[in-house]
Amino acid sequence: MHTQNKLDTQIVVETPEAIDIIIRPAGILPRCVAFIIDFVIRIVWFLISTYFFVFLGRFGIGLIILNLFFCLWLYFVVFELRFQGRTPGKMLMGLRVVNDDGTPVQFSASLLRNLLRVADSLPVFYTFGIIASTVHPHSKRLGDLVAGTIVVYVNKEKERPNIKPVPAIASPVVLNKEEQYAILSFAERSEKLSQERQQEVAMIIAPSLGVTPAEAVPTILGIAQNIAGKYKEEHSK
């Protein structure tokens with residue numbers, strides 16, 4: 001499930017754990033700059049490697065053909081799969097390719113979006129791709145539309161305050177976002193509270209979890225660890 005924040009062009013993707021992942025679609029300008037960087041890298045690599053391959057005779061000619069195939073078709077796919085949706089150009093521009101739901105791009109989607117660069121490049125100089133990216137609200141080119149992918153800015157991981165290290169515990173009930181935030185807030189502030197105050201606040205949350213007063217504080221801290229772990233996992237993707 002995802003919604004768009006119309007004020008700042010952010011897309012909010014909600015995970016099954018009710019954790020929001022905010023992704024920001026990249027505009028056409030940074031994408032063009034990233035492509036130019038990758039284009040220059042491919043040209044330089046091809047010229048330098050070809051210079052050495054020509055001394056290998058027929059075997060070298062075969063290597064040149066394979067190298068050309070790599071530069072034209074596999075360069076983007078290899079880097080996107082190996083470096084979490086990022087080519088060198090995208091890395092320098094702070095961009096990455098992900099699926100529409102914010103999950104990491106897979107082989108089939110990466111291959112499809114890059115094979116369709118042929119359609120995007122028609123009739124000349126990526127005309128169709130530029131037009132599609134200009135009119136689409138998330139700057140998607142034709143390859144992205146078909147593959148179900150989107151180029152986004154890399155989010156800086158948001159660090160939460162430290163939570164007291166205790167074993168993680170799965171919640172015995174399904175928690176909505178407000179309840180998760182309340183549990184995290186309690187855990188983050190627990191070390192600043194006296195034991196009596198911890199118990200007093202924990203008893204406000206305990207009934208909804210179905211735990212006894214004696215189990216309230218350690219159970220809530222354990223659930224907070226579980227929530228925090230999922231939060232960090234989602235935001236590091």
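A donor-acceptor contact under 3.5 angstrom links the side chains of Glu215 and Thr212, judged on distance only.
In this structure Tyr75 satisfies the side-chain hydrogen bond (donor to acceptor under 3.5 Å, both in side chains) test together with Asp38, sequence neighbours excluded. Listed by chain and residue number, nothing satisfies the ring pair (Phe, Tyr, Trp, His ring centres under 6.0 Å) test with Phe46 (two or more places apart in sequence, or in another chain). Not counting sequence neighbours, the partners of Arg113 by the salt bridge (charged side-chain N to carboxylate O under 4.0 Å, His left out) test are Glu80, Asp144. In this structure Glu200 satisfies the salt bridge (charged side-chain N to carboxylate O under 4.0 Å, His left out) test together with Arg197, sequence neighbours excluded. Residues satisfying the ring pair (Phe, Tyr, Trp, His ring centres under 6.0 Å) criterion with Phe53, sequence neighbours excluded, are absent altogether. Among residues two or more places apart in sequence or in another chain, the ring pair (Phe, Tyr, Trp, His ring centres under 6.0 Å) test is passed with Phe39 by none. Asp120 is linked by a salt bridge (charged side-chain N to carboxylate O under 4.0 Å, His left out) to Arg141, counting only residues two or more places apart in sequence or in another chain. Under the side-chain contact (heavy atoms from CB on, under 4.5 Å) criterion, Leu111 pairs with Val77, Phe107, Leu115, sequence neighbours left out. In this structure Phe55 satisfies the ring pair (Phe, Tyr, Trp, His ring centres under 6.0 Å) test together with Tyr51, sequence neighbours excluded.
By the rule that hydrophobic residues join a cluster once side-chain heavy atoms approach within less than 4.5 Å of another member, Val152 and Leu81 end up as members of separate clusters. Hydrophobic clustering (ILVMFWY, side-chain heavy atoms < 4.5 Å, transitive): Leu209 and Leu184 are in one cluster.
The heavy-atom pair separating Ile205 from Ala182 by the smallest distance is CD1-O, 4.4 Å. Taking every heavy atom of both residues into account, Gln199 and Ala216 meet most closely at NE2-CB, 4.3 Å. Here the closest non-hydrogen pair linking Pro123 and Phe128 is CD-CE2, 3.9 Å. The two residues Pro104 and Asn99 make their nearest non-hydrogen contact at O-ND2, 2.9 Å.
Through chains of ILVMFWY side-chain contacts below 4.5 Å, Phe125 is grouped with Val124. Grouping Ile, Leu, Val, Met, Phe, Trp and Tyr by side-chain contacts under 4.5 Å, direct or through others, puts Ile61 with Ile65. Counting Ile, Leu, Val, Met, Phe, Trp and Tyr side chains that sit under 4.5 Å apart, directly or through other members, Leu116 shares a hydrophobic cluster with Leu112, Val146.
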Determine, stepwise, if the pair Val97 / Thr87 fulfils side chain to side chain contact (heavy atoms under 4.5 Å, CB included).
CA-CA 9 Å; Val97 180; Thr87 62; over 6 Å; no
Assess the residue pair Ile227 and Leu175 against the criterion (side chain to side chain contact (heavy atoms under 4.5 Å, CB included)); give the C-alpha distance rounded to whole Å, side-chain angles, the decisive distance to 0.1 Å, and a yes or no.
CA-CA 10 Å; Ile227 296 172; Leu175 301 172; 4.2 Å; yes
Output, in order, the C-alpha distance, side-chain angles, deciding distance and verdict of side chain to side chain contact (heavy atoms under 4.5 Å, CB included) for Lys140 and Asp100.
CA-CA 11 Å; Lys140 286 192 173 192; Asp100 284 339; 2.5 Å; yes
Between Ile28 and Thr134, is a side chain to side chain contact (heavy atoms under 4.5 Å, CB included) present by the stated rule, with each step listed?
CA-CA 7 Å; Ile28 186 172; Thr134 302; 3.8 Å; yes
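To the nearest 0.5 Å, atom CD1 of residue Ile150 and atom CD1 of residue Ile11 are 4.0 Å apart. Separation of atoms CG (Leu72) and CG (Asn114) is listed at 12.0 Å; rounding is to 0.5 Å.
Checked by atom type and distance alone, the side chain of Ser110 never pairs as donor or acceptor with a backbone atom of Gln106 at under 3.5 Å. Formation of a donor-acceptor pair under 3.5 Å by the Ser190 side chain with backbone atoms of Ala187 is found in this model. Using modelled atom types, one side-chain atom of Ser121 and one backbone atom of Val118 make a donor-acceptor pair closer than 3.5 Å.
By the 6.0 Å and 45° rule, Arg86 does not stack over the aromatic ring of Phe79.
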